[in-house]
Protein chains: 2
Amino acid sequence: MNSLAEDVRETAVRARDAAAVLAPLSRADKDRALHAMADALLAGAGPILAANGADVAAARAAGTGEAMIDRLTLTPDRLAAIADGLRQVALLEDPVGTVVRGRVLPNGIELRQVRVPLGVVGIIYEARPNVTVDAAGLCLKSGNAVLLRGSASALRTNAALVAALREAAAGAGLPADAIALVPGADHESVKQLMRLRGLVDVLIPRGGAGLIRTVVEESTVPVIETGVGNCHVYVDVDADLDQALAIVLNAKTQRVSVCNTAETLLVHAGVADVFLPRVLAALRQAGVTIHGDDAVRSQDPSALSATEEDWAAEYLSLDLAVRVVDSLDDAVAHIRRWGSGHTEAIVTRSLAASRRFIATCDSAAVMVNASTRFTDGERFGFGAEIGISTQKLHARGPMGLTELTSTTWVGVGDGHLVV
Amino acid sequence: MNSLAEDVRETAVRARDAAAVLAPLSRADKDRALHAMADALLAGAGPILAANGADVAAARAAGTGEAMIDRLTLTPDRLAAIADGLRQVALLEDPVGTVVRGRVLPNGIELRQVRVPLGVVGIIYEARPNVTVDAAGLCLKSGNAVLLRGSASALRTNAALVAALREAAAGAGLPADAIALVPGADHESVKQLMRLRGLVDVLIPRGGAGLIRTVVEESTVPVIETGVGNCHVYVDVDADLDQALAIVLNAKTQRVSVCNTAETLLVHAGVADVFLPRVLAALRQAGVTIHGDDAVRSQDPSALSATEEDWAAEYLSLDLAVRVVDSLDDAVAHIRRWGSGHTEAIVTRSLAASRRFIATCDSAAVMVNASTRFTDGERFGFGAEIGISTQKLHARGPMGLTELTSTTWVGVGDGHLVV
């Protein structure tokens, strides 16, 4: 019997071999497989929902909270929506083969840079079974084999989903090993996966800050860091204050549990006296707890006193840190010091202020007179996203199919020699 | 007195702060600094050459080989050429601010993806003082601060070069800390640098396979792997054999010590009887030692017997591994198994064969009827290169100024809210 390390490696070797088969496939071949996979999820709904029922029952027995149970639970409707997601991916352009740049060199060589699949993509994620299918669909469409490492609590569900997807892929003439669950359910299996540099081309951790930190620290496989969002809204001295009020409320309260929600509000001192009373009242009305600096608390003594922990916090709750700043540059300095580089918004009517904010913020996305909540692959028109990168290498911001590719340089000559 | 760890961190913090100043600078500001830096190298030639003389004397006293001494040595002519390199970089387009993609979303938000500097770039390299200046110039032009960690044997030279560059940058109104030597000369200082995730945005190791492996294994800062080149030439059954002969000789012998030189020749069995005698004779004539499989040795009994080590070797010498393969797919399978993903060349008159080779090779560059030696930033028209990436993430192949940038998404609205 193999050790877990050998099992994980063997799975990755098979994925690498499958990736070699996927790379030259046409879009038509891949789209056919995606539709077959969607069909298979519907046809296999019985065993998939039964497996999910067992996972949910086990989670309940273990005392898991209701929010987590909800994320884990599949229903016939949810499964149908997940299957439909695969058909949506089939509708998207195939990035593979796109020519990024090209020219004829002075010596006559025709040179072009062409998009190619990354190869083997590893996804490490928590208890959302939809990620299993979404990631498999996006990776397949972009010509990549995928290694899926979900959480132990969703193991039965993921196994049933992946079995259906593999069988459908094979039925459509693709290698089943293009989609695989990583063996093992404890940390040891993630650890093995993280050591497979050369076999696995990239790891994308999706989940809490702790998971992401572990992968970043321990992996020798290149990692794309996703998702931690300590997003800011800065209300400039030249802001339209009605617009500012609406944007702050939208960015904070429209959906609190997501990474593009605002966690800190920065208000220019020149408008603080007018704007703070309005915005604080509206936020309180919406059930938001304010963590303010001294200037804020002088307006609203009921606000909690903000500490450095508040400036750093990704609350993901109805909490907001609020600070008064003396200038746009001070706002940017605060953001650079405390932000996670996800999304920052400025509200201003000044073109010069918007230019300076954009040029100096250093985040994956900057919104001018728009809610931070717009940073999202679907809203950006990518059709789907595999995560939001907060690092600067390879991909920054929402990652769609294009971000799941690399490039190759192709040079075509006629006996050209270097002299 | 600070510990080394504190010194390295302090240098990185200053570089990060300098990077914030560099990011919004115009091309004109950066070009002025590049010319000032070139002037400073010429004006400071006295102390720079004296420092280099001391490094060279110490290296000689330590019994360093002549090839290494030659790489370490600066002369007035070499220094002038290095200074001229900075002026060449000033002539290149500034990638910062380039709009990669952009559109108006259905809701009216104007969305664009814009190139921005990476931030702080760390370069870890061996005893070539020209890298110190080249890297500083390319990083500055692309708006990045650079942390330079050269080898201990070039420490005096690098210190003199960097002192001149920093003073010139400051004189041109830029922060001197945009260009810094990493304190310390032993492995501990590299180790500290590799732990500065969050302060340093990317590490680029340039040097031997051992250095690169160490950085890849130990760094939590994202790494771009460069340079190891086990490049192949495949002579197809449909090759023009005169062209094939010339390309093999050029790829192997034009310059043996570089990463884009060919290390393995694969010959289709259908032309082996005709081609092998010609190419083996010509290679022997050029002083090349052949490491062949049985089919090769049956043609040329004087060839050494190739082992798996030969298939894996980056010789960087007048050695060549030679193998007969039964098909193009077998050639590609050999390349995928043993190659380093740098550059592969096919010689063929068949369009179908060239298409299949390009689609299945999975290397940073594929040359059709051209020498592997063409994979190079200058030859590709980048003007300069900071290395050749053999990884798939972020940059693949020669890296010029564009590859030293990341992107930011900018969305401009008019009070847009997510509904």
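The structure displayed is predicted, hence computed values, not measured ones. Below, chain A is the first sequence line, B the second, and so on; all start at residue 1.
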Task: Atom of A/S406, atom of B/R396 and distance for their closest heavy-atom approach - done: OG-CD, 3.3 Å
Open item on the list: Quick check on the interface: out of A/G198, A/P24, A/A364, who has the most heavy-atom pairs with chain B under 4.5 Å?
Closed with: A/A364
Task: Option that, when pairs with chain A are counted at under 4.5 Å, heavy atom only, ranks first among B/R197, B/Q113, B/M367 - done: B/R197
Open item on the list: Which atoms of A/N107 are under 4.5 Å from chain B, going by heavy atoms: the side chain, the backbone, both sets, or neither?
Closed with: side chain
Task: Portion of B/R337 that has a non-hydrogen atom of chain A nearer than 4.5 angstrom - done: neither
- [ ] Report the relative orientation of the aromatic rings in A/H416 and B/F374; use parallel for angles under 30°, tilted for 30 to 60°, perpendicular for over 60°.
- [x] perpendicular
- [ ] Answer whether the closest heavy-atom distance between the side chains of B/Q391 and A/V202 falls below 4.5 Å.
- [x] no
Open item on the list: Which residue is it: A/L393, A/D201, A/I224? I am looking for the one with a side chain to side chain contact (heavy atoms under 4.5 Å, CB included) to B/L393.
Closed with: A/I224
Open item on the list: Out of A/D362, A/V116, A/N250, return the one with the most heavy atom pairs under 4.5 angstrom to chain B.
Closed with: A/N250
Task: chain B contact via A/L105 - which portion, at a heavy-atom distance below 4.5 Å - done: side chain
- [ ] Can you tell which part of A/R336 gets under 4.5 Å to a heavy atom of chain B, answering side chain, backbone, both or neither?
- [x] side chain
Task: Residue pair A/R101 / B/E403: nearest heavy atoms and the distance that separates them - done: NH2-OE2, 2.8 Å
Open item on the list: Under 4.5 Å from any heavy atom of chain B, what part of A/T372 do you find: side chain, backbone, both or neither?
Closed with: neither
Task: Nearest heavy-atom neighbours spanning B/A246 and A/L417 - done: O-CD2, 3.5 Å
- [ ] Give the minimum heavy-atom separation between A/G397 and B/W409, together with the two atoms involved.
- [x] CA-CD1, 4.3 Å
Task: Among the listed options A/E225, A/R16, A/R195, the residue most often paired with chain B at heavy-atom distances under 4.5 Å - done: A/E225
- [ ] Counting only heavy atoms closer than 4.5 Å, note whether A/A20 contacts chain B via side chain, backbone, both or neither.
- [x] both
- [ ] Would you check if A/R255 and B/V418 make a side-chain contact, meaning some heavy-atom pair closer than 4.5 Å?
- [x] no
- [ ] Only counting residues at least two apart or in another chain, list the ones meeting side-chain contact (heavy atoms from CB on, under 4.5 Å) with B/D94.
- [x] B/R27, B/K30, B/V96, B/K141
TODO: Can you sort out the partners of A/S26 under side chain to side chain donor-acceptor pair (under 3.5 Å), two or more places apart, ordered by chain and number?
DONE: A/D29
TODO: Determine whether B/Q243 and A/D414 make a side-chain contact, defined as any pair of heavy atoms from C-beta on separated by less than 4.5 Å.
DONE: yes
TODO: Could you look at A/I358 and say if it's the side chain, the backbone, both or neither that has a heavy atom under 4.5 Å from chain B?
DONE: side chain
Open item on the list: Quick check on B/S363 against chain A: is it the side chain, the backbone, both or neither that has a heavy atom closer than 4.5 Å?
Closed with: backbone
Open item on the list: More than 12 heavy atoms of other residues, nucleotides or ligands under 6.0 Å from CZ of A/R355: yes or no?
Closed with: no
- [ ] Name, in order of residue number, those residues of residues 213-220 of chain B that have a heavy atom at a distance of less than 4.5 Å from a heavy atom in chain A; otherwise write 'none'.
- [x] B/V216, B/E217, B/T220
Open item on the list: My understanding is that only one of A/N369, A/V368, A/V366 makes a side chain to side chain contact (heavy atoms under 4.5 Å, CB included) with B/V412; could you say which?
Closed with: A/V368
Open item on the list: So for A/T407, is it side chain, backbone, both, or neither that comes closer than 4.5 Å to the heavy atoms of chain B?
Closed with: both
TODO: For A/Q254, enumerate each residue passing the side chain to side chain donor-acceptor pair (under 3.5 Å) test, keeping only those at least two apart in sequence or located in another chain.
DONE: A/R373
Open item on the list: Show the nearest heavy-atom pair for residues B/R379 and A/V419, with the distance to one decimal.
Closed with: NH2-O, 4.3 Å
